[in-house]
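Chain A is the first sequence line, chain B the second, and so forth, proteins listed ahead of strands; every chain is numbered from 1.
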Amino acid sequence: MKKASEAFSELEFNTLLERLKKLTPEAEKEAHFEPSYKESSFEQISTELKKAKKVALNFIRESDEINSILLSFGDSVHVLEAAELEKIKPYLEDKKLKKLTFDSKPLIFALRFDEIRLAGVSFDVQLGAYLLQPTRTNYTASDLGFRYLKLYIGEGQDSFRQAIIDCYLAYHLEEPLTKKLTEGKLEKVYNELELPLSPVLAAMEYRGIGINKEELKTYSNELAQMINKLEEEIYRLAGEEFNINSPSQLSSILFEKLKLKPVKKTKTGYSTDSTVLAKLINEHPIIENMINYRELAKIKSTYVDALPKMVNPKTKRLHTTFNQTVTATGRLSSSNPNLQNIPIRTDIGKRIRKAFVPARATDLLLVADYSQIELRVLAHLSKDETLTKAFEEHKDVHQATAAEVFGLPVNKVSEEARRKAKAVNFGIVYGISSFGLAQQLQIDAKEAATYIEMYFNRYPKVKSFIDRTVSDAYKKEFVKTLYGRCRQLPELKSNDVRIRNFGERSAINSVIQGSAADIIKQAMINVENALFTDDLMSRMVLQVHDELIFEAMALEKSALSSLVKKQMESAYVLHPSLEVNISTGPNWLEAK
DNA sequence: CGTCTCAGCGCGTAC
DNA sequence: GTACGTGCTGAGACG
């Protein structure tokens, strides 16, 4: 009863506030920015459009359908009916007329349904704001309007008003954002990488990738049966039925009922994650079943059952969204669905890849992946002779590292030593801590520390590069990649040593991961252009951080292979040079 | 009081 | 180190 009355009074309070706002329109106008707009026809704006050098552009859309066209020459925003699209088409496709946008990719994407190729996008608010502050989680009109123009724009506008505001901002943020980008020496990465990449990503999203729904349906049934059996066995061994997917319920079965020894804690209780289960494998027969259950359940719910639901009914294909303004380092991310974390490591997971196929059975998928791009970037940036030489001599880099670190002849490097060296290499790229390496290798921190020390003994210039990068980061509070992409590191100002250490690792990781991201972005732009120049029909459809996936026309297989290899390897002149491996197959599994 | 929604969290997949 | 998605859980909103 009390709660209900409290809720009511709060509701009443809000309603009163709303009324108050309406009663004082003057105060409202002062506090909140509202761009003016007018409904116009093509004829009314055609004179201005003809003589204009630049125009801000936006659409009001329902999913991918354009309902209205928004144009601004600086003052009022013109709202035109979608029916006028045909008349505006030549202007949209005229690369000499500069288009200023708030977020260009959805516009490019939507226009493709009307067979219009937007050209001349010279400014994109989202991309500019991202390059200036890549660690922000979003770039809303309200935040950006205030930050760069001191405008008060309310959050949570309806979609019509939001579209108007975005169009207005696309015009008026050009000057302040461009100025900031220049000050930060970010023009190169902005103009040569992010802006030209945007239409490439739009095209890849538009194309999508083929998926064999029947294959997944069959697999789903198989998995259901296997999961069912494991479920029964787990219940039997537990002596009761419970929700296996609930970490808290599993925890009480394992650590209370079965009296197993807890390995580590989480915020809320005892951890049951895969590393914990692995350590308990010899303690109780239920553990092995749990490990198997977890893997199958993960694959089924996240991929096998989820992916078919996301197939576009019109195109019969999967269309991911490549997010260009999400990661702190400059990598892309992929969502709805995420096609950058499709399983590959286990046999159970591999079968998912088999379901990714080209549109026509006669075509192929072609996968082109950079060999060890991050370690090559490290060799390049550090100028370490030993590491550089390993690549120049086409050595197995983990094996070579093992030989160096453990002082063995190459032919005496055991599987075990190679595995350890590989973990050290990963650790270096991630910004190593002895704690992290110890956890990875299941050894104590002291032993891990000696591995790191031995590594730095053999690769002294990697050591000095890391030291230089970190001390530079403390001085400037940011780091930069090969292309000048910037990441701020406010963590380095923290009084908490754990947060500072995190900042130091991020500094190293961002330079290496971000530089690799720069390179593959350059490669994507170059490859896409080359495909059109050479009149090939094959198309790039996915990017997974260090690899590009193409739908290849069978007849173009060899031409495509050499084009892609050439373009990817020459995207950036690195020392040691970049190396790309190519393979093809009837599906994503067999093209790896 | 039951139903719904949402955010946080544990977990696991990728590079 | 960098991401994203699923399922569970508890809190608060809703009717």
Side-chain angles (χ1 to χ4, degrees), chain A residues 1 3-4 6-8 10-11 134-135 137 242-251 264-278 290-291 293-307 309-310 320-346 348-350 352-353 369-370 372-375 378 423 425-433 435-437 439-440 466 479 487 489 491 501-514 516-517 520 542-548 588 592:
Chain A
M1 260 328 242
K3 266 199 174 158
E6 271 173 15
F8 184 70
E10 189 165 332
L11 189 71
T135 45
T137 51
F242 65 101
N243 187 342
I244 309 176
N245 294 322
S246 161
S248 90
Q249 291 186 38
L250 177 64
S251 165
K264 64 176 175 182
K265 286 181 179 178
T266 65
K267 281 180 191 174
T268 51
Y270 294 127
S271 172
T272 67
D273 70 23
S274 60
T275 64
V276 169
L277 296 180
M290 267 307 307
I291 293 171
Y293 175 92
R294 277 261 177 85
E295 187 187 4
L296 298 185
K298 174 77 181 181
I299 297 296
K300 183 168 187 287
S301 71
T302 309
Y303 305 103
V304 178
D305 291 348
L307 291 175
K309 292 181 193 158
M310 307 203 66
T320 187
T321 300
F322 286 110
N323 311 299
Q324 208 179 345
T325 61
V326 166
T327 68
T329 57
R331 274 190 176 178
L332 299 176
S333 79
S334 158
S335 57
N336 303 307
N338 180 0
L339 297 184
Q340 290 181 326
N341 74 343
I342 301 302
I344 182 143
R345 287 165 200 192
T346 70
I348 307 274
K350 275 182 180 163
I352 316 286
R353 293 212 168 204
D369 70 305
Y370 278 114
Q372 301 292 350
I373 187 168
E374 291 183 338
L375 286 173
L378 175 64
N425 279 332
F426 265 92
I428 297 288
V429 167
Y430 290 164
I432 202 158
S433 74
F435 176 78
L437 183 64
Q439 216 177 17
Q440 179 69 34
I466 289 174
V479 290
R487 175 176 179 178
L489 293 157
E491 295 89 348
N501 285 339
F502 174 77
E504 292 182 13
R505 291 195 291 277
S506 302
I508 299 169
N509 178 243
S510 294
V511 173
I512 299 172
Q513 191 181 104
I520 197 166
L542 292 178
Q543 187 251 43
V544 190
H545 307 311
D546 65 354
E547 69 184 58
L548 299 175
W588 197 359
K592 268 297 273 192

- Message: Measuring to OP1 and OP2 of C:dG1, would you say a side-chain N or O of A:S506 lies under 4.0 angstrom away?
- Response: no
- Rounding to a whole Å, what distance do you find between A:Y270:OH and B:dG10:C1'? 17 Å
- Where the side chain of A:Q513 is concerned, which of B:dT13, C:dT2, C:dT6 is the nearest nucleotide? C:dT2
- Message: Measuring to OP1 and OP2 of B:dC11, would you say a side-chain N or O of A:S271 lies under 4.0 angstrom away?
- Response: yes
- Task: When you get a sec, tell me which of B:dC15, B:dT13, C:dT9 is the closest nucleotide to the side chain of A:Y430?
- Result: B:dC15
- Message: If the cut-off is 4.0 Å, is A:N243 near the phosphate of C:dG7, judged by side-chain N/O to OP1 or OP2?
- Response: no
- Item | Spacing of A:I291 atom CD1 relative to B:dG12 atom P, expressed in whole Å | 10 Å
- Looking for any heavy atom pair under 4.0 Å, which part of the strands does A:R331 touch: base, sugar-phosphate only, or nothing? base
- Answer with base, sugar-phosphate or nothing: what part of the nucleic acid does A:A306 contact at a heavy-atom distance below 4.0 Å? sugar-phosphate
- Candidates C:dT9, C:dT2, B:dG12 - which lies nearest the side chain of A:S248: C:dT9
- Item | Atom pair distance, as rounded to whole Å: CD in A:Q340 and P in B:dA14 | 13 Å
- Hey, is the side chain of A:R294 poking within less than 4.0 Å of OP1 or OP2 on B:dG12, counting only N and O atoms? yes
- Task: Tell me what A:S274 touches on the nucleic acid: a base, only sugar-phosphate, or nothing, going by heavy atoms under 4.0 Å.
- Result: sugar-phosphate
- Query: Within a strict 4.5 Å, meaning less than it, do heavy atoms of the A:T268 and A:S248 side chains meet?
  - Reply: no
- Determine the contact category for A:F426: base if any of its heavy atoms lies under 4.0 Å from a base atom, sugar-phosphate if only primed atoms, P, OP1 or OP2 are that close, otherwise nothing. nothing
- Message: What I want to check is whether the side chains of A:E295 and A:T346 have a donor and an acceptor closer together than 3.5 Å.
- Response: yes
- Message: Of the options C:dT9, B:dC11, C:dT2, whose atoms approach the side-chain atoms of A:D273 most closely?
- Response: B:dC11
- Of A:S301 and A:S334, the one whose nearest nucleotide on DNA chain C sits closer to the 5' end is A:S334
- Using a 4.0 Å heavy-atom cut-off across all strands, classify A:V429 as base, sugar-phosphate, or nothing. nothing
- Of all the nucleotides listed (C:dG1, C:dG7, B:dT13), which has the minimum atom distance to the side chain of A:N245? C:dG7
- Query: Between the side chain of A:R487 and the main-chain N/O of A:T135, is any donor-acceptor distance below 3.5 Å?
  - Reply: no
- Rounded to the nearest angstrom, tell me the gap between atom CD1 in A:I299 and atom P in B:dC11. 18 Å
- Taking the side chain of A:T327 as its heavy atoms from C-beta onward, which of B:dT13, B:dC9, C:dT2 lies nearest to it? C:dT2
- Query: Can you find a heavy atom in the side chain of A:D546 that is under 4.5 Å from one in the side chain of A:E374?
  - Reply: no
- Message: Keeping A:S334 on the side-chain end and A:F322 on the backbone end, is there a donor-acceptor pair under 3.5 Å?
- Response: no
- Looking at B:dG10, C:dT2, C:dC4, which one has an atom nearest to any side-chain atom of A:S335? C:dC4
- For A:Q249, which contact category applies under a 4.0 Å heavy-atom criterion: base, sugar-phosphate, or nothing? sugar-phosphate
- Task: Could you check whether A:I344 gets within reach of a base, just the sugar-phosphate, or nothing at all, counting any heavy atom under 4.0 Å?
- Result: sugar-phosphate
- To the nearest Å, give me how far apart CG (A:L307) and C1' (C:dT6) are. 12 Å
- Distance in angstrom units between A:F322 CZ and C:dC4 P, rounded: 13 Å
- Rounded to whole angstrom units, what separation is found between the CG atom of A:N338 and the P atom of C:dT6? 10 Å
- Message: Less than 4.0 angstrom between a side-chain N/O of A:K267 and OP1 or OP2 of B:dC9, yes or no?
- Response: yes
- Query: From B:dC15, C:dT2, B:dG12, pick the nucleotide closest to the side chain of A:N341?
  - Reply: B:dG12
- Note on the structure: Picking from C:dT2, B:dT13, B:dC11, the nucleotide nearest the side-chain atoms of A:T329 would be C:dT2
- Item | Separation of atom CG in A:D305 from atom C1' in C:dT6, rounded to whole Å | 11 Å
- Task: For the residue pair A:T329 and A:N509, confirm or rule out a side-chain donor-acceptor distance under 3.5 Å.
- Result: no
- Query: Just checking A:R345: base, sugar-phosphate only, or nothing, at a heavy-atom cut-off of under 4.0 Å?
  - Reply: base
- Task: Would you check if A:I352 and A:V304 make a side-chain contact, meaning some heavy-atom pair closer than 4.5 Å?
- Result: yes
- Touch class at under 4.0 angstrom, heavy-atom based, for A:A297 against every strand present: nothing
